[in-house]
Amino acid sequence: MAAGVAAWLPFARAAAIGWMPVANLPMPVAPTEKNKRQDELIILNVSGRRFQTWRNTLDRYPDTLLGSSEKEFFYNEETKEYFFDRDPDVFRSVLNFYRTGKLHYPRYECISSYDEELAFFGIVPEIIGDCCYEEYKDRKRENAERLMDDQEDNKDAKLPNMTFRETMWRAFENPHTSTMALVFYYVTGFFIAVSVITNVVETVPCGSAPNQKEVPCGERYTVAFFCMDTACVMIFTVEYLMRLFAAPSRYRFMRSVMSIIDVVAILPYYIGLVMTDNEDVSGAFVTLRVFRVFRIFKFSRHSQGLRILGYTLKSCASELGFLLFSLTMAIIIFATVMFYAEKGSSSSKFTSIPASFWYTIVTMTTLGYGDMVPKTIAGKIFGSICSLSGVLVIALPVPVIVSNFSRIYHQNQRADKRRAQKVQKARLARIRISKTGSSSAFLHSKRNGLFNEALELTQLPYKMNLSDQNSTEDEQRLSKSTSLLESQHHHLLHCLEKTTNHEFVDEQYYQQSYLEAGLQNYPSRSPSLSSQDGVTGTCCTRRSKKHHTPLPNASAPAHMQPLTHTHTHPQGLQELSTIHIQPLSTSRSSLNMRVDEPAPLNCQSSQITTAIISIPTPPVTTPEGDAHLPAGPTHQNVVKVSAL
Amino acid sequence: MKPRSQDQSLSDSRELDRSYDPLTESIVEDGELATVCYRPEGLDSLVQKTSFSKKELQVLYRGFKNECPSGIVNEETFKSIYSQFFPQGDSSMYAHFLFEAFDTHNNGSVSFEDFVISLSIILRGSITDKLNWAFNLYDLNKDGCITREEMTDIMNSIYDMMGKYTYPCMRDSAPKEHVDNFFQKMDRNNDGVVTIDEFLETCQKDENIMQSMHMFDNVI
């Protein structure tokens, strides 16, 4: 129940007057406050700053420190105030939560200190209001990432019991772990550089012998270059195989980008080895050598920046794609225009529209090679429009990439977002549960409610016959674990049940009973007491049974009248027919238990025990009647059971 | 310190707070001028009109003001507050009937006086007063008698509050049966309506009802 609405509970209870005249059953007894305190101001002294609030305000949330009796531990007798040695600034938010029902997260506050304060006061962070929740989650995530980074730096220490394979993989992934890894790292880097430089130098025309045309160095020193190439490829192959061996998941490794680059880098060499010096395939072979330049991408293992750039381009793929599309549109438009504009002029280079594409691209990117130039006036006009618009269109991708680049640093990784979404779903589920919590709390406490109710009714005869000691026990048992507000709310719902002669149940039980509606008068199912449904069913049926108990003892006190009154009620027959699910064992075992024995049944709440004992026949609770207990109630219960 | 105009300091604090949204703020300001802030009469006059003590009225007003800072409750707020207590069912119709009963001046809003006067009748009034109030609740058109249609509406609204998940399963005929039951009990001269006298007479003879009226004795 929301905080502010708790103050309207008296109104809701008063509104129940509309149900009274139409109800056919007697209403349950209202919970009374044992010690009705006037609402008082209490002083909360937090590190010297005094906060004052009404006691009722704090009682709204009984499952927190301030709302429960836990705060008594902090009570200072001399100054008559509650002293907390905590941060007063954060306490402001905490206290406002009690006042308004909404928890806010102040932006200037450190996330870990805020979390600590919330944990101290027993407040779950999930109830932070929507206004502040995003901020809170973001800060929390940043903090967690920072902690993770710190932890990773400390991971350099070699973990014991790592297999050789794992050591190797760690060495590959993180060169700083050992000297060998560092050496390997630099060696491979060196050879990548050597290989790339070799490819480049291969094509440079070396000094030639006189009277011969310039030949590239590659053809001049064929053997040397071949040896160099072989050496590099061998090293790359060995490196690739070692990585493949060390990888924890070979399949995943083979699919990764880096390994594909490795393969592409070394494959041309092997293909070239395999193929002979055949004239037909030499053209293809030459093309294949182009792929050797991809070795330069192997540097991305050595450079973080390169990897980030690659990732940026990958993540901006959609934006770049759209940009390319719009650029293509512009090119086609201008090429067409230029073609038709220049059609008239003689010896025009604009022979076709595709031929004009080249001019358009060169002009739009403001390159202006000058190999194609418009000659007609119309052509020149459109050419200038083309170059002006080109500036505009080309300027678009730069901010896109830049913003994406910065976005990648600041936004979550994809996995984190998915995790956050799961947490968000969990949070919404929790809020939904807490909102329906009042109804499920009602269902849950219906069993406790029985206990309270029955004890209220049986208190009179019980107290008459018992010594003081037992009556204090009684008082203790009467002390409710639920707060007064909750018990009053439950009483209200209970009244509604009585008015309509139906009961609230949870969805599960409803569906089960719906399915079994056809199985009347047949105890086909004996629900295990451990399941909530079973307990509810048991207790509900037992409660209904209460109305139909023919009281054997004529000495039934006057306040039992409401019970007997319903005995002849026509509605009662309906109830009888619905009581068909009754585990026999419970009723027997409950009877065998003595009144003051708090022996727990298999019910979930141990408080029920006395209630179930006292419900069947109120006289059972009088120990004087113990003598004739076994025969009578047992007999009675047998009767009840068979009457199902 | 240099005296600053209130607006200046207000806007400055908003800037610092960074919670100032210029777009919505202006709209809210316009709205705020339009809404009326209603203040109840003095505490003493209310103590005379109702049978609550000063302290009780204070507690009631604090709760009232917390939920409705403007001082009056309109039907939407009324319904939303009431629905918080009945999470499983639909309490809007019953809340509507309640609102009609609380709104004694028929002006579409319930002020604190209306609220507290009605509460005083229900919680502290005599049994006859309580029954009269209940009759007034049922009599939707306030013509002095409860017709079968009115009772059916009320009964439907009460059963709606139970929601779907009930034990035993809610049959559609359950409210109708209940209404028939009610009329059988209350309508002495069988003319199809229940007048206030019939109502009072029957209720005073019914022990359950008399017992339940005492339930309100220590709500506050």
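Only a predicted model underlies this, so the values are computations on that prediction, with no experimental measurement involved. Labels below follow one simple rule: chain letters A, B, ... track the order of the sequence lines, proteins then strands, and each chain is numbered from 1.
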Worksheet item: Where on B:Lys164 is there a heavy atom nearer than 4.5 Å to chain A: the side chain, the backbone, both, or neither?
Response: both

Item to complete: Consider only side-chain N and O atoms of B:Asn208 and B:Asp206, and report whether a donor and an acceptor are under 3.5 Å apart.
Response: no

Item to complete: Let me know if B:Met213 has heavy atoms under 4.5 Å from chain A in its side chain, its backbone, both or neither.
Response: side chain

Practice prompt. Go through B:Ile158, B:Asp217, B:Leu119 and name the one with the most non-hydrogen pairs under 4.5 angstrom from chain A.
Written response: B:Ile158

Worksheet item: Which bit of A:Ala23 is near chain B, if near means a heavy-atom gap under 4.5 Å: side chain, backbone, both or neither?
Response: backbone

Worksheet item: Is there a side-chain contact between A:Phe97 and A:Ile127 (heavy atoms, below 4.5 Å)?
Response: yes

Fill in: Worked verdict on B:Glu198 versus B:Val193 for side chain to side chain contact (heavy atoms under 4.5 Å, CB included)
CA-CA 9 Å; B:Glu198 287 173 338; B:Val193 295; 5.6 Å; no

Worksheet, complete the sentence: Honestly, the part of A:Cys495 sitting under 4.5 Å from a heavy atom of chain B is side chain

Worksheet item: Would you find a donor on one side and an acceptor on the other, under 3.5 Å apart, between the side chain of A:His491 and the backbone of A:Pro28?
Response: yes

Discussion item. Below 4.5 Å, heavy-atom pairs only: which of B:Thr202, B:Leu131, B:Leu98 has the largest tally toward chain A?
Written reply: B:Leu98

Worksheet, complete the sentence: Comparing B:Tyr138, B:Phe97, B:Tyr82 against chain A, the one with the most heavy-atom pairs below 4.5 Å turns out to be B:Tyr138

Worksheet entry | B:Val73 versus chain A, the contacting section by heavy-atom distance below 4.5 Å | side chain

Item to complete: Using the six-membered ring of B:Phe52, assess whether NZ or CZ of B:Arg124 lies under 6.0 Å from its centre and within 45 degrees of the ring axis.
Response: no

Practice prompt. Name the option with the most non-hydrogen atom pairs under 4.5 Å to chain A; the candidates are B:Thr166, B:Ile209, B:Leu60.
Written response: B:Thr166

Worksheet entry | Of B:Phe216, B:Phe112, B:Phe78, B:Phe99, the residue whose pairing with A:Phe11 passes ring-ring contact (aromatic ring centres under 6.0 Å, His included) | B:Phe78

Worksheet item: Can you check whether B:Gln204 reaches B:Met210 side chain to side chain, under 4.5 Å on heavy atoms?
Response: yes

